[in-house]
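Notes follow once the structure below has been shown.
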Amino acid sequence: MRILEDPEITTMSEKGQVVIPQEMRKHLGIKPKTKFIVYVVGDNIIMRKLDMPDIKKEWKSIFQTMDKKHLKLDEREIAKEIRSYRKEKHKKSTG
């Protein structure tokens with residue numbers, strides 16, 4: 001992991017916007033529309049870049065696979081699978 005050794009100073013605008021210095025954006029691959037999670041630890045503001053999946057791309061891939069296998073799902077079955085997935089994911093995240 002490369003650490004950027006030289007600190008940078010930035011200023012918050014009247015609208016609460018803060019510019020992330022260019023070298024840091026390049027280092028982290030941050031581009032316009034990048035999503036972040038922001039939280040406070042003590043008197044520090046922590047930002048983490050979120051790598052969001054491309055949902056449209058994933059759905060397209062799922063439907064292409066279903067079409068190849070001649071599979072059909074109705075809305076109730078899809079909703080049931082989503083609930084099941086979320087329940088399992090919640091179990092894993094809570095331990």
Side-chain angles (χ1 to χ4, degrees):
M1 177 170 114
R2 181 175 166 236
I3 297 175
L4 298 178
E5 295 177 9
D6 295 327
E8 298 274 349
I9 295 175
T10 190
T11 304
M12 186 173 71
S13 74
E14 294 287 328
K15 293 182 178 182
Q17 298 167 321
V18 177
V19 174
I20 300 170
Q22 184 177 22
E23 185 178 351
M24 292 178 184
R25 293 193 312 265
K26 285 182 182 179
H27 176 74
L28 295 172
I30 296 171
K31 298 187 182 338
K33 307 284 184 180
T34 298
K35 302 283 186 206
F36 294 88
I37 185 166
V38 182
Y39 49 99
V40 174
V41 177
D43 63 350
N44 298 297
I45 297 172
I46 309 293
M47 294 176 58
R48 286 192 56 125
K49 181 176 81 162
L50 290 176
D51 292 318
M52 303 294 289
D54 184 340
I55 300 298
K56 287 182 182 178
K57 188 176 178 181
E58 287 186 18
W59 275 110
K60 185 177 179 181
S61 173
I62 289 168
F63 287 122
Q64 285 175 341
T65 301
M66 289 176 63
D67 287 344
K68 286 179 187 175
K69 295 182 178 184
H70 305 291
L71 298 174
K72 301 290 179 208
L73 291 176
D74 65 27
E75 288 184 34
R76 287 186 319 241
E77 291 173 307
I78 292 170
K80 180 181 173 185
E81 288 299 321
I82 290 170
R83 283 191 304 274
S84 174
Y85 173 80
R86 288 177 177 166
K87 185 177 178 181
E88 188 62 33
K89 190 172 180 178
H90 179 72
K91 279 184 186 177
K92 289 180 182 179
S93 70
T94 59

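The neighbour count for Glu75 CD, taken as heavy atoms of other residues, nucleotides or ligands under 6.0 Å away, does not exceed 12.
Remark: Arg83 engages Ala79, Lys80 in a side chain to side chain contact (heavy atoms under 4.5 Å, CB included) (not counting sequence neighbours). With sequence neighbours left out, Glu88 forms a side chain to side chain contact (heavy atoms under 4.5 Å, CB included) with Lys91, Lys92. Every residue two or more places apart in sequence or in another chain that forms a ring pair (Phe, Tyr, Trp, His ring centres under 6.0 Å) with Phe63 is listed here: Trp59. In this structure, the side chain to side chain contact (heavy atoms under 4.5 Å, CB included) partners of Ile82, at least two apart in sequence or on a different chain, are Ile78, Arg86. Here Lys26 pairs with Gln22 under the side chain to side chain contact (heavy atoms under 4.5 Å, CB included) rule; sequence neighbours left out.
A distance of 12.0 Å separates CD1 in Ile55 from NZ in Lys57, rounded to the nearest 0.5 Å. Distance check: Glu81 CD to Ser84 OG gives 6.0 Å after rounding to the nearest 0.5 Å.
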Which side-chain N or O atoms in residues 37-51 pair as donor and acceptor under 3.5 Å with protein atoms at least two apart or in another chain?
unit_1, atom_1, unit_2, atom_2, d
Asn44, ND2, Val41, O, 3.4
Lys49, NZ, Leu28, O, 2.5

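Thr10 places no side-chain N or O within 3.5 Å of a backbone atom of Ile20 that could act as its donor or acceptor partner.
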